[in-house]
Novice: 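Would you mind keeping the following structure in view while I ask a few things?
From a predicted model like this one, the values you see are computed outputs, not experimental measurements.
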Amino acid sequence: MTVSRKRPEDLRSHRWYGASDLRAFGHRSRTAQMGYSHADYLGKPVIAILNTWSDINPCHTHFRQRAEEVKRGVWQAGGFPVEMPALTLSEPFQKPTTMLYRNLLAMETEELLRSYPADGAVLMGGCDKTTPALLMGAISMNLPAIFLPAGPMLRGDWRGQALGSGSDVWKYWAEKRAGNLSEKSWEQIENGIARSPGHCMTMGTASTMTSAAEALGMTLPGAASIPAADSRHARMASETGRRAVTMVWDDVKPRDILTADSFDNAITVVLALGGSTNALVHLIALARRAGIPLNVDRFDELARRTPLLANVRPAGEFLMEDFYYAGGLRALMSRIRDLLALDARTVEGATLGDAISGAEVFNDQVILPRERPIVASGSLAVLHGNLAPDGAVIKPAAAEARLLRHRGPAIVFAGYNDMAARIDDPALPVTADSVLVLQHAGPLGAPGMPEWGQLPIPKKLLEQGVRDMLRISDARMSGTSYGACVLHVAPESYAGGPLALVRDGDTIVLDVAARQLHLDVDESELARRRAAWRKPEPHFARGFGALYQNHITQANDGCDFDFLEGTAVTPEPEIH
Ligand code: FES
C-alpha cells in the first residue's frame, strides 16, 4: 500500500471549506453558527462519526457516550469530528427482519459520506446487520474508514448460572414448552439474560461479524472482543478516533486494505470461532463491494482445513466476556496463524501479523489448543444437490451427529404462518425422523430472509425427549441458534427454486460428509410439479419494499442490491 501524506488543500472537505466563493462562505458561516471557529476545523480532516445509536437499540445504548470518546480522540489528533446519526438496525425490534433493511443502511452510509464534506469515517455498529451494512457503504464510498465495534454485553445471569443471548432463550423455551420450567423461572431468565449495554455475547451474528471486521483489518487490533461495559472499550473508542485522523492524512482506504487474502482471513476466523452462518451472506456482499469475487464454496474449502477453537456458545460452553479475558480475538488468531495471510493490511497501516504479534492465550478452556479443538474441521458445510442447485449451508458442529447423514420424509410448511399454526398440532404426522421443510422464507419470499431457519421441534416430540431434527429452509438462522438446520437454500422457493416443489412425504436425503442435499423424487415428477408452479404475487406495490424486491440478489450472491455491487465509479457531488 502506498502511503501518501496529504496536504490540507488535498482534503476532500477543502472543496466545501477552502474555496473563496459564495458556497464556501455559506459552509463556513453555517459552521460558525454551530459555534466553531476557523481554528476548530479549517485545514483539518473532517471525520464523520456514523452513529447507529437509537432509543430502540439495546445493543447500542452506550453509543452516545462512545461517540463523545471518539470525538475526544479526533480532536486530540487534529481532526474535526462530525457525528451523524445513521439508521439503526435493532435486531430484537425491527420487523419483519433487520435483513430487509441492511442494504438501506449500506446506502445511507455511502450517501452520507458522499454528500457531506467527510474526509474519513468512524463507523459505529455491532448489532448484527449494522456491521456489514456500515462496512458495505464505506467500501463503496472508499474514504478512509475505521470500524468501532459495539462490544459484547456482560454474561447473563440466572441463579448464579451464566446465560447466553439467544442460545439460552431457545434452550429454556424448549424446556418450558416441554413442561420442565416454571413461569417464575422463565420471568427470572427474562430479567437476567441481558444486563448491560452491548451486543449479544454468544457467538451470534454480532460477535461473528465484529470479529470478521477485525480479521478483515477494519478495526484496531483487539477491538472486537472488548466488552461494551469495560473501560477499555471507552479507551479503544478514543484511540479509534485518533487513528481515523491519521488514516486520512495517510490516505488508507478500505479498498487498499481489502484483498482476497483478507476475506480468506475473515472466513477462517469465523470458522475457528464457530461463527454464524449469516457470515456467508454478509462477507460475500462485502467482498463484491470491494470487487473481489467470493462464493459460498470458498467457505467450504476453508472449513475443511480450519479447526473450531473458540469454546463459546452455541458451539461451546463460554461467553464473549470469558473469551476476552482469555485473550480475545488476537489470541485466537495467534493459534491459527499458519492458516492466516499475515501480510494482509489493516487500518493501522501495518499487517495482520503485526496486529497479533505478542498475543497470548490466558485460558486454554476458552480458546482451545490446536490439539484439542471442538471439531478439527468442517464447522460449517456448504451443500449442493437437486434441492439446492446454488448451495445451502449447515453448521454440523451445532447439530446432533446422527442427523448429519439422514434420510426421512418431508413435512412441508408453505410459510411461517402455516408452520406456526400446525407445528404443535397433535395430528401432525411427524416423527423424530421427519424432515421439516419451510418454504417462502427467503430474501423475496418472507420477505427479507428472516432468522426462521431453526424451526421449533413439535411439542409432542419435545415431550418424548427429542431435541434435534433435520430442518430445511431458504431462511437464515440466528448465530445463537443450533440444531440440524439446513439454511440459505438457493434459489429460494419463492423464486421457483426446487424447495418450492417439495411435497409432504417426499424423501429427502442429507449427507454432510458428501456435501449432498437431495430430493429423492423422479425427475419426470419434478418436471410436472415445476410446470404447475405459479410465481407468487409480489409483496410490495410501492416504497422501499418495491425497490428491495426488484433488486435483491439470492443468498449465495450476498443479498445485496444488484445495482450496489461492484466498484464502478460514482462521481463526487458538484458544489454550486
Ligand atoms: Fe443486537 Fe443480538 S440483539 S446483537
Novice: Does any pair with a residue in residues 538-559 pass salt bridge (Lys or Arg N to Asp or Glu O under 4.0 Å), and if so which ones, sequence neighbours excluded?
Specialist: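 For residues 538-559: R288-D557.
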Novice: Scan for salt bridge (Lys or Arg N to Asp or Glu O under 4.0 Å) pairs involving residues 490-510, sequence neighbours excluded, and state none if there are none.
Specialist: D506-R529
Novice: Are the side chains of R313 and M201 in contact, using a 4.5 Å heavy-atom criterion?
Specialist: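 They are not in contact (no side-chain heavy atoms under 4.5 Å apart), so the answer is no.
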Novice: A side-chain contact here means heavy atoms from C-beta on lying under 4.5 Å apart; do I552 and L444 qualify?
Specialist: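 They are in contact (side-chain heavy atoms under 4.5 Å apart), so the answer is yes.
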Novice: Could you go through the ring pair (Phe, Tyr, Trp, His ring centres under 6.0 Å) check for Y101 and Y548 one step at a time?
Specialist: CA-CA 9 Å; Y101 298 105; Y548 173 96; 8.3 Å; no
Novice: Got a donor-acceptor contact below 3.5 angstrom from the N57 side chain to the C59 backbone?
Specialist: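 Indeed, once roles are kept as given, a pair shorter than 3.5 Å links the two residues.
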Novice: Between CG of L438 and OG of S473, what distance do you get to the nearest 0.5 Å?
Specialist: 5.5 Å
Novice: I'd like to know if R114 pairs up with E110 as an ion pair, taking the criterion as any Lys NZ or Arg NE/NH1/NH2 lying under 4.0 Å from an Asp or Glu carboxylate oxygen.
Specialist: yes
Novice: Mind listing the side-chain donor-acceptor pairs of residues 336-343 below 3.5 Å, one per line with the distance, residues two or more places apart or on another chain?
Specialist:
from, atom 1, to, atom 2, distance (Å)
D338, OD1, R370, NH1, 2.8
D338, OD2, R370, NH2, 3.0

Novice: Please tell me whether S493 and D474 have a donor and an acceptor in their side chains that are separated by less than 3.5 angstrom.
Specialist: yes
Novice: Calculate, to the nearest 0.5 Å, the distance between atoms CE and CG belonging to M209 and L134 respectively.
Specialist: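 Between atom CE of M209 and atom CG of L134 there are 11.0 Å.
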Novice: Within the structure provided, determine whether F561 and L104 are in side-chain contact (heavy-atom separation under 4.5 Å).
Specialist: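 No - every pair of side-chain heavy atoms lies 4.5 Å or more apart.
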Novice: Quick check: do V347 and F147 have side-chain heavy atoms less than 4.5 Å from each other?
Specialist: no
Novice: What distance separates S225 OG from L332 CG, expressed to the nearest 0.5 Å?
Specialist: 8.5 Å
Novice: With distance as the sole test, does D511 use its side chain to make a donor-acceptor pair with the main-chain N or O of A514 at under 3.5 Å?
Specialist: yes
Novice: For the residue pair T52 and L87, what are the closest heavy atoms and their distance?
Specialist: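 Looking at all heavy atoms of both residues, the closest pair is CG2-O, 3.6 Å.
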Novice: Where do G274 and M203 come nearest, in terms of heavy atoms and distance?
Specialist: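 Looking at all heavy atoms of both residues, the closest pair is O-CG, 3.8 Å.
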Novice: Go through the structure and list residues passing side-chain contact (heavy atoms from CB on, under 4.5 Å) with A266, not counting sequence neighbours.
Specialist: A212, A215, L216, L283
Novice: Check E523 with R530, please: is the shortest side-chain N to carboxylate O separation under 4.0 Å?
Specialist: yes
Novice: Apply side-chain contact (heavy atoms from CB on, under 4.5 Å) to R255 and list each qualifying residue two or more places apart in sequence or on a separate chain.
Specialist: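 Counting only residues at least two positions away or on another chain, R255 forms a side-chain contact (heavy atoms from CB on, under 4.5 Å) with I139, N142, A290, T567.
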Novice: Between T306 (side chain) and A303 (backbone), is there a donor-acceptor pair under 3.5 Å?
Specialist: no
Novice: Mind jotting down which residue pairs meet the salt bridge (Lys or Arg N to Asp or Glu O under 4.0 Å) criterion with at least one end in residues 440-455? Sequence neighbours excluded, please.
Specialist: K129-E451, E451-R476
Novice: Which distance, rounded to the nearest 0.5 Å, do you find between the OG of S165 and the CG of L319?
Specialist: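 Reported value, rounded in 0.5 Å steps: 7.5 Å.
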Novice: Please check this pair: side chain of S167 against backbone of G164, looking for a donor-acceptor N/O pair closer than 3.5 Å.
Specialist: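 No: the side chain of S167 does not pair with the backbone of G164.
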Novice: Atom NZ of residue position K460 - does it have more than 12 heavy atoms of other residues, nucleotides or ligands inside 6.0 Å?
Specialist: yes
Novice: What distance separates E91 CD from M99 CE, expressed to the nearest 0.5 Å?
Specialist: 10.0 Å
Novice: Verify side chain to side chain contact (heavy atoms under 4.5 Å, CB included) between V393 and V486, making sure each step is shown before the conclusion.
Specialist: CA-CA 6 Å; V393 64; V486 174; over 6 Å; no
Novice: Which residues pass the salt bridge (charged side-chain N to carboxylate O under 4.0 Å, His left out) test with E537, not counting sequence neighbours?
Specialist: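 Residues passing salt bridge (charged side-chain N to carboxylate O under 4.0 Å, His left out) with E537: none at all.
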Novice: Would you say that L564 contacts M136 through its side chain, given a criterion of any heavy-atom pair below 4.5 Å between the two side chains?
Specialist: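 No - every pair of side-chain heavy atoms lies 4.5 Å or more apart.
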Novice: Looking at every non-hydrogen atom in both residues, tell me the closest pair between L517 and A388 and how far apart they are.
Specialist: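 Closest approach of L517 to A388: CD2-CB, 4.2 Å.
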Novice: Go through the steps for T507 and V435 under the test side chain to side chain contact (heavy atoms under 4.5 Å, CB included), then give the verdict.
Specialist: CA-CA 9 Å; T507 298; V435 180; over 6 Å; no
Novice: If I take atom OG1 from residue T219 and atom CG from residue L123, how far apart are they, to the nearest 0.5 angstrom?
Specialist: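 The distance works out to 11.5 Å.
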Novice: Hey, does L143 have a side-chain heavy atom less than 4.5 Å from the side chain of K253?
Specialist: no
Novice: Once ring pair (Phe, Tyr, Trp, His ring centres under 6.0 Å) is applied, what residue pairs with a partner in residues 500-542 remain, sequence neighbours excluded?
Specialist: Y494-H539
Novice: Return yes if a side-chain donor-acceptor contact under 3.5 Å exists between S140 and R289, otherwise no.
Specialist: yes
Novice: Can a donor-acceptor pair be found, under 3.5 Å and without considering hydrogens, that links the side chain of E214 to the backbone of A223?
Specialist: yes
Novice: Counting N and O atoms only, with roles assigned by atom type, does the side chain of D522 sit under 3.5 Å from a partner on the main chain of S524, one being a donor and the other an acceptor?
Specialist: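 Checked: no pair found.
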Novice: Within the structure provided, determine whether I284 and F299 are in side-chain contact (heavy-atom separation under 4.5 Å).
Specialist: yes
Novice: Would S276 and T205 count as having a side-chain donor-acceptor pair, cut-off 3.5 Å?
Specialist: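 A donor-acceptor contact under 3.5 Å links the two side chains.
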Novice: Report yes or no: does Q454 contribute a side-chain atom to a donor-acceptor pair with the main-chain N or O of C485 at less than 3.5 Å?
Specialist: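 Not confirmed, Q454 side chain does not pair with C485 backbone.
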Novice: Between the side chains of N51 and H60, is a donor N or O closer than 3.5 angstrom to an acceptor N or O?
Specialist: no
Novice: Restricting to non-hydrogen atoms, name the atom on A441 and the atom on P450 that form the minimum distance, rounded to 0.1 Å.
Specialist: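 Of all heavy-atom pairs spanning A441 and P450, the closest is O-CD, 3.5 Å.
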Novice: According to side-chain contact (heavy atoms from CB on, under 4.5 Å), who are the partners of P491, at least two apart in sequence or on a separate chain?
Specialist: P389, D390, P498, Q554
Novice: Donor-acceptor pair, distance only, cut-off 3.5 Å: does the side chain of R471 make one with the backbone of L455?
Specialist: yes
Novice: Taking it one step at a time, do M218 and I257 satisfy side chain to side chain contact (heavy atoms under 4.5 Å, CB included)?
Specialist: CA-CA 8 Å; M218 293 300 295; I257 294 169; 4.2 Å; yes
Novice: Which heavy-atom pair separates L383 from V512 by the least distance, and what is that distance?
Specialist: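 In terms of heavy atoms, the two residues are closest at CD2-CA, 4.3 Å.
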Novice: Is there a side-chain contact between I367 and N311, using heavy atoms and a 4.5 Å cut-off?
Specialist: no
Novice: Looking only at atom types and distance, does a side-chain atom of Q439 sit under 3.5 Å from a main-chain N or O of L499, one as donor and one as acceptor?
Specialist: yes
Novice: Counting only pairs under 3.5 Å, give me each side-chain donor-acceptor contact of residues 403-415, with atom names and distances, residues two or more places apart or in other chains.
Specialist:
from, atom 1, to, atom 2, distance (Å)
H406, NE2, D433, O, 2.9
R407, NH2, D520, OD2, 2.6

Novice: Determine, for R345 against D256, whether the closest basic-nitrogen to carboxylate-oxygen distance falls under 4.0 angstrom.
Specialist: no
Novice: Would you please name every residue forming a side-chain contact (heavy atoms from CB on, under 4.5 Å) with Y416, sequence neighbours left out?
Specialist: M419, A420, W452
Novice: Considering residues at least two apart in sequence or located in another chain, which fulfil the salt bridge (charged side-chain N to carboxylate O under 4.0 Å, His left out) criterion with D424?
Specialist: R177
Novice: Let's go through D297 and H384 carefully: what are the C-alpha distance in whole Å and the side-chain angles of both, what is the deciding distance for side chain to side chain contact (heavy atoms under 4.5 Å, CB included) to 0.1 Å, and is it a yes or a no?
Specialist: CA-CA 10 Å; D297 295 322; H384 289 279; 2.8 Å; yes
